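Read through the structure below, which is laid out as structure tokens, and then see the notes.
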Amino acid sequence: MANVEFDNVTKVFDGSSNTIVAVEELDLKIRDGEFVVFVGPSGCGKSTTLRMTAGLETITDGELRIDGRRVNDVSPKDRDIAMVFQSYALYPHKTVRGNMGYGLNLSTDLTDAEVNSRVEEAAEMMGIDDLLDKKPASLSGGQQQRVATGRAIVREPEVFLFDEPLSNLDAKLRKHMRTELSRIHSELDITTIYVTHDQEEAMTMSDRIVILNDGRLQQVGKPKEVYYQPANRFVADFIGSPSMNFVEVELAGNTLTNGESFNVDVDDEFVETLRSVSDDTRFTFGVRPENVRVGDDVDDARAVRTTVDVVEVIGSDNFLYLDMDGREFRVRCPSYIEPEEGDVIAITFDEEAIHLFDENSGEALVHGTVSHESGEMPNPAKGEQERAVGN
Ligand code: ATP
């Protein structure tokens, strides 16, 4: 086990015609035994960060330390790191046993018997002990993935690096492997850095999530922190599916209004909290789809009236796509709320579920009635939806 520290780490790729800053001044401390997941849109610098950690990419500026030791110039084989790739990268002509033991044979002076014993132990852990004499071509994608992970485990490294290891698997197997990898991690307790596009993977597997955009760190936090207290509009938009709704509003008295049909009253405490962090009058309002309440009282003075564009039935819940002054507004509601397309419905919001962001910088100002600086967790609106619409 080891901690991994990125100290102002920057990576610049110098092309013939342009310069790309893939990672910019990354400051991050990953603790011993922690499972950290990197997420962000394509090209945000996730893989480059991982590759710099493995020593497969040089570091342009800053320092990378593993267990306190500067490793900028240490070769990959001397970093005590094992990496699992999306492509698995198995040797086709070697058996599973051969694939799993190959690295150990090369990099250690363990006897054949010792290598074999480690391979068999890892194979048992991954549930592939009956596949040891097969070749990769005869294995399913899930089995190949297990072999690649098993091969990393036998190395007993200080740090595990995973680069989208489950993205070639179907949805069901991916979920299963997610649980497997979490189990392996809690058994071995090895510091793990995991890159994925899949935010569900990030939310369910990680101790902490690292969100990158355009090479820059946006937020590091526990899954619930980044979900309930996103540091900025980018994180709020990126984490959560369907994503958070945003409306550009002005604060007039105690009302947040977009000047059209969106008018939401907030209490004095909310306004005071907002005033303690900003003198502006214009903000970006945010609310998650599951925190919107749907009622059938279109005359409720506090309600916002909108028209239903599309109703998507997903089984346990319904997704409603509403027309909010020409913009899409998403609601996740219980399946018994079944408005017709074209219906005018009333929606309301709990103050605890409202987020406000700086209109220009996108920085979060208020999460519910709790200011961003306080670090407290707000209590997201989980109340029962009001009476069903259209029933
Ligand atoms: P994805 O999710 O699509 O894999 P990513 O977040 O892992 O993306 P990186 O692969 O780290 O992103 O790429 C970050 C930026 O660096 C991108 O703009 C990419 O085009 C650029 N880049 C990566 N590798 C190189 C390279 N070898 N030469 C030049 N530019 C590169």
Side-chain angles (χ1 to χ4, degrees), residues 4-28 30 35-64 66 71-73 75-76 79 81-89 141 145 148-149 152 159-171 174 177-178 181 191-206 208-221 223 226 230-241 243 362:
V4 178
E5 286 175 81
F6 297 87
D7 189 350
N8 222 15
V9 168
T10 293
K11 174 66 189 179
V12 179
F13 288 107
D14 273 321
S16 50
S17 57
N18 62 343
T19 298
I20 292 167
V21 182
V23 178
E24 195 169 353
E25 298 176 358
L26 176 63
D27 271 322
L28 176 67
I30 299 174
F35 196 122
V36 167
V37 178
F38 279 66
V39 289
S42 193
C44 70
K46 305 182 291 292
S47 296
T48 303
T49 306
L50 207 66
R51 290 171 59 78
M52 284 192 288
T53 313
L56 302 174
E57 210 71 78
T58 57
I59 293 170
T60 311
D61 212 350
E63 192 165 285
L64 174 64
I66 299 179
V71 294
N72 290 42
D73 306 313
S75 76
R79 291 193 186 194
I81 273 174
M83 188 154 171
V84 179
F85 300 89
Q86 178 179 352
S87 63
Y88 316 139
Q145 210 294 321
T149 307
V159 182
F160 270 140
L161 304 179
F162 287 95
D163 196 358
E164 307 212 26
L166 307 183
S167 51
N168 287 344
L169 307 180
D170 67 43
R174 213 158 54 215
M177 286 305 296
R178 229 196 258 164
L181 291 180
T191 312
T192 301
I193 307 179
Y194 188 105
V195 162
T196 181
H197 269 106
D198 183 334
Q199 51 163 294
E200 217 177 292
E201 247 167 64
M203 294 299 277
T204 53
M205 296 174 82
S206 66
R208 285 191 300 161
I209 299 184
V210 175
I211 298 139
L212 297 177
N213 185 31
D214 230 357
R216 287 174 167 269
L217 181 64
Q218 302 294 309
Q219 188 169 7
V220 188
V226 300
N232 55 40
R233 184 181 163 155
F234 175 83
V235 175
D237 191 28
F238 190 79
I239 299 285
S241 178
S243 53

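Read the numbers this way: they start at 1 and go in the same order the structure lists the ligands and their atoms. A quick note: this is a predicted structure, and the numbers were derived from the prediction, not measured.
At least one heavy atom of Cys44 lies less than 4.0 angstrom from ligand 1.
Although no hydrogens or angles enter the test, the distance criterion places a donor-acceptor pair under 3.5 Å between the side chain of Gln199 and the main chain of Phe238. Panel note: side chain Asp27, backbone Asn8; a donor-acceptor pair is recorded below 3.5 Å.
Of all protein heavy atoms, the one lying nearest to atom 13 (O) of ligand 1 is Thr48 OG1, 3.7 Å. Protein heavy atom closest to atom 2 (O) of ligand 1, with residue, atom name and distance, is Lys46 NZ, 2.8 Å. Annotation: atom 8 (O) of ligand 1 to nearest protein heavy atom, Gly43 N, 2.8 Å. Scanning all protein heavy atoms for the shortest distance to atom 3 (O) of ligand 1 gives Ser42 OG, 2.5 Å.
Tested against Met52, the residues Val71, Leu26, Thr10, Val23 include a single side-chain contact (heavy atoms from CB on, under 4.5 Å) partner, Val23. Applying the ring pair (Phe, Tyr, Trp, His ring centres under 6.0 Å) test between Phe162 and each of Phe38, Phe85, Tyr194, Phe35 identifies Tyr194 as the sole match.
Polar contact check, Thr49 against ligand 1: no nitrogen or oxygen pair lies under 3.5 Å apart. Residue Glu57 has no nitrogen or oxygen atom sitting less than 3.5 Å from a nitrogen or oxygen atom of ligand 1, judged on distance alone. For Phe13, no nitrogen or oxygen atom sits less than 3.5 Å from a nitrogen or oxygen atom of ligand 1, counting backbone and side chain alike.
Close approach of ligand 1 to Ala22 is summarised as follows: ligand atoms under 4.0 Å from at least one heavy atom of the residue are 14 (C), 15 (C), 16 (O).
For Ser87, there are no side-chain hydrogen bond (donor to acceptor under 3.5 Å, both in side chains) partners two or more places apart in sequence or in a different chain.
Proximity of atom 19 (C) of ligand 1 to the protein is not indicated, since no non-hydrogen protein atom lies closer than 4.0 angstrom. The nearest protein heavy atom to atom 11 (O) of ligand 1 is closer than 4.0 Å.
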Residue pair Leu217, Leu212: steps toward the side-chain contact (heavy atoms from CB on, under 4.5 Å) verdict: CA-CA 5 Å; Leu217 181 64; Leu212 297 177; 4.1 Å; yes
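By the criterion of a heavy-atom distance under 4.0 Å, the side chain of Ile20, and not its backbone, is placed next to ligand 1. With a 4.0 Å heavy-atom cut-off, ligand 1 is reached by the side chain of His197 but not by its N, CA, C or O.
For the atom pair CE of Met83 and CZ of Arg51, the computed distance is 6.5 Å after rounding to the nearest 0.5 Å. Taking CD of Glu201 as the reference point, atom OG1 of Thr196 lies at 3.5 Å (rounded to 0.5 Å). Ile193 CD1 to Ile30 CD1: the interatomic distance, rounded to the nearest 0.5 Å, is 3.5 Å.
Considering only non-hydrogen atoms, atom 7 (O) of ligand 1 lies nearest to Ser47 out of Gly45, Ser167, Gly40, Ser47.
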